[in-house]
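Input: a single structure, listed below in structure tokens.
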Amino acid sequence: MSWRKHQQPIDTAPVMAREHRWMAERYEELVAGGLNWDPPTLESANEPECTVDGQQMIMLSANNYLNLTTHPKVMSAMIEATQKYGAGSGSVRAISGTMDIHLAAEEAVARFKGVEASLIYSAGYTANVGLIPTLVQGKQDVIISDELNHGSIIDGVRLTKAQRAVYPHNDMGGLEQALKDHADADRKLIITDGVFSMDGDICPLDEITELAEAHDAMILVDDCHGEGVMGEKGAGIVDHFGLQGRVDFEVGSFSKALGVQGGILAGSAQMRTHALNHSRSWLLSGSQPPGVAAAQKAAVEVLMDEPQHHARLWSNTNRFRAEMNSLGFDLGVSTTPIIPVMCGDSRLAKDLVSALRDEGIVAGAIVFPMVARDAARVRNQLSAGLTDQQLDSILAGYESAGRKVGLI
Ligand SMILES: Cc1ncc(COP(=O)(O)O)c(C=O)c1O
């Protein structure tokens with residue numbers, strides 16, 4: 001069912017805006033190529049048992065890795081803060097929109113990440129887009145970026161005038177060559193995703209750090225899918241590799257394992273002062289609603305106090321991976337709770353998604369331009385909230401849907 005079916009009928013005739021034929025043509029092209037978006041509509045919380053377009057389904061396509069979206073402590077923190085501080089913050093952070101609960105959330109993040117300081121942005125997207133341009137000056141600098149980095153990094157890099165070098169995915173020879181090619185650059189900034197969101201593999205951050213140190217480069221790692229997931233207790237990719245104090249900037253998100261919304265920057269106190277004085281996305285946009293700030297802090301505390309969610313995420317991940325492998329699915333290069341089923345053709349990925357839908361499972365087709373045209377896949381994301389019975393149903397549903405579309 002399309003989102004349009006959920007819109008209420010309007011009793012007065014809308015004023016018709018001017019029609020742009022080129023938009024219709026562009027959309028028709030997308031539809032013809034199987035590349036248009038028509039997202040399903042959730043009518044419940046985004047948790048493993050959910051209601052999508054009127055049907056009860058199992059969610060296998062959410063960033064809610066630790067199932068914190070509905071954690072009672074997170075929800076009540078949001079409600080209580082809203083009652084005390086109101087629905088909105090009333091200003092940008094820099095003028096009169098910094099509340100004590102924003103600072104408390106930042107302190108909680110710094111404790112959880114084991115760093116000196118943190119700064120919260122309105123989203124992971126705006127953290128990358130706001131921070132990256134503050135780290136370079138112009139043509140005298142270079143940004144060296146993994147070819148599969150997230151679009152928010154690409155957009156942040158586009159906002160700079162620095163030279164750019166892109167190295168083949170996770171190719172340390174390529175990174176070293178780029179560092180040598182730009183040995184004369186004033187500032188060198190290496191940027192990589194920690195966990196790559198489309199393939200579920202991780203970057204070799206230990207080797208990247210060695211190279212950065214040898215070539216006097218800074219490192220920004222996007223840990224959006226690593227927070228709450230990687231590391232012994234979920235502190236992220238830096239913790240996973242034991243690189244505390246050696247990675248300059250960690251960008252993250254509250255909208256994934258932490259189950260809320262908002263962007264994270266973690267690092268030194270100096271970095272925090274620099275970022276808040278120069279990031280346009282932080283300076284020029286209203287601050288997070290008080291309820292969100294309180295929920296952010298509560299989510300971080302739950303993550304630190306209740307390690308069972310992290311453990312359950314990984315036991316679910318390991319079971320799903322092992323049994324999907326036995327069924328004969330191609331899971332690509334994933335080593336994390338992001339586990340794609342590789343399909344190649346975008347139509348095949350969409351057919352698999354609709355066959356899974358018939359089995360009561362929501363999983364997302366990932367097609368061009370999010371991935372290369374011949375690398376379409378169905379992306380599964382495991383959650384600590386999935387019960388053994390739900391996993392049984394998912395695996396049985398995958399077996400039957402996979403046979404129906406001819407993938408296994
Ligand atoms: C690797 C990566 N970086 C950044 C973001 C943006 O995070 P947010 O949803 O908080 O804007 C995402 C989300 O899709 C992501 O996957």
Side-chain angles (χ1 to χ4, degrees), residues 37 39 46 61-66 68-69 74 105-106 109 113 118-133 143 145-159 166 169-170 190-203 205 208 219-230 236-238 240 247 249-266 275 279-282 285-289 292-293 295-296 299-300 303 333-340 364-367 369-371 377 379-383:
W37 290 102
N46 196 337
S61 191
N63 298 321
N64 188 20
Y65 300 113
L66 298 175
L68 298 190
T69 55
V74 179
E106 287 171 349
V109 169
K113 300 284 280 183
S118 103
L119 185 69
I120 295 180
Y121 288 74
S122 58
Y125 180 88
T126 49
N128 276 328
V129 167
L131 175 69
I132 293 169
I143 299 178
S145 184
D146 186 289
E147 67 175 339
L148 294 190
N149 276 345
H150 189 256
S152 55
I153 295 174
I154 296 171
D155 291 357
V157 174
R158 283 182 181 154
L159 288 174
V166 175
H169 178 51
N170 276 347
I190 301 170
I191 309 185
T192 181
D193 277 10
V195 175
F196 287 86
S197 55
M198 298 299 154
D199 290 282
D201 57 338
I202 64 173
C203 71
L205 194 58
I208 293 174
I219 306 174
L220 187 166
V221 65
D222 179 328
D223 200 21
C224 284
H225 289 274
E227 269 150 10
V229 174
M230 302 303 295
I237 192 86
V238 170
H240 171 81
V247 173
F249 317 108
E250 290 178 66
V251 167
S253 173
F254 280 103
S255 76
K256 322 253 181 239
L258 288 157
V260 191
Q261 199 270 337
I264 293 171
L265 170 59
S279 296
R280 293 171 68 80
S281 65
W282 192 89
S285 185
S287 62
Q288 298 261 278
V292 172
Q296 290 168 340
V300 170
L303 187 47
V333 291
S334 158
T335 56
T336 68
I338 298 175
I339 305 182
I366 306 285
V367 300
M370 288 172 133
V371 292
R377 75 230 20 212
R379 183 172 64 164
N380 306 292
Q381 291 169 282
L382 278 293
S383 168

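Hydrogens, waters and symmetry mates play no part in the numbers below; they use all other heavy atoms, side chains included. As the structure lists them, so they are numbered: ligands from 1, and atoms in each ligand from 1.
The closest donor-acceptor contact from the side chain of Asn64 to the backbone of Asn46 lies under 3.5 Å. Of the possible donor and acceptor atoms, one in the side chain of Asn380 sits under 3.5 Å from a partner among the backbone N and O of Ile339. With hydrogens and angles ignored, the 3.5 Å screen pairs a side-chain donor or acceptor of Glu147 with a backbone N or O of His169. At least one donor-acceptor pair closer than 3.5 Å links the side chain of Glu106 to the backbone N or O of Ile120.
Closest to atom 11 (O) of ligand 1 among all protein heavy atoms lies Tyr125 N, 2.9 Å. Among all protein heavy atoms, the one lying closest to atom 14 (O) of ligand 1 is Lys256 NZ, 3.0 Å. Counting protein heavy atoms only, atom 5 (C) of ligand 1 is closest to His150 CE1, 3.4 Å. Here the heavy atom of the protein found nearest to atom 3 (N) of ligand 1 is Asp222 OD2, 2.6 Å.
Taking distance alone, with nitrogen or oxygen atoms compared against 3.5 Å, Gly124 approaches ligand 1 more closely than that limit. Checked against a 3.5 angstrom limit, the closest N/O atoms of His225 and ligand 1 fall inside it. Backbone and side-chain nitrogen or oxygen atoms of Asp193 are examined, and none is located within less than 3.5 angstrom of a nitrogen or oxygen of ligand 1.
Using 4.0 Å as the threshold, Ser255 has a heavy atom nearer than that to some atom of ligand 1. Residue contact annotation: Gln261 has no non-hydrogen atom under 4.0 Å from ligand 1.
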Next item on the list: Check step by step if side-chain contact (heavy atoms from CB on, under 4.5 Å) holds for Phe196 and Asn149.
Entry: CA-CA 7 Å; Phe196 287 86; Asn149 276 345; 3.8 Å; yes

Next item on the list: Step by step, work out the side-chain contact (heavy atoms from CB on, under 4.5 Å) result for Asp146 and Ile153.
Entry: CA-CA 10 Å; Asp146 186 289; Ile153 295 174; over 6 Å; no

Item checked: Full working for side-chain contact (heavy atoms from CB on, under 4.5 Å) between Arg377 and Val371 -> CA-CA 9 Å; Arg377 75 230 20 212; Val371 292; 3.7 Å; yes

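Listed by atom number, the atoms of ligand 1 under 4.0 Å from Ser152 heavy atoms are 3 (N), 4 (C). Within ligand 1, the atoms closer than 4.0 Å to a non-hydrogen atom of Ser197 are 16 (O), numbered from 1 in the order shown.
Side-chain contact check for Val260 versus Val74: some heavy-atom pair is nearer than 4.5 Å.
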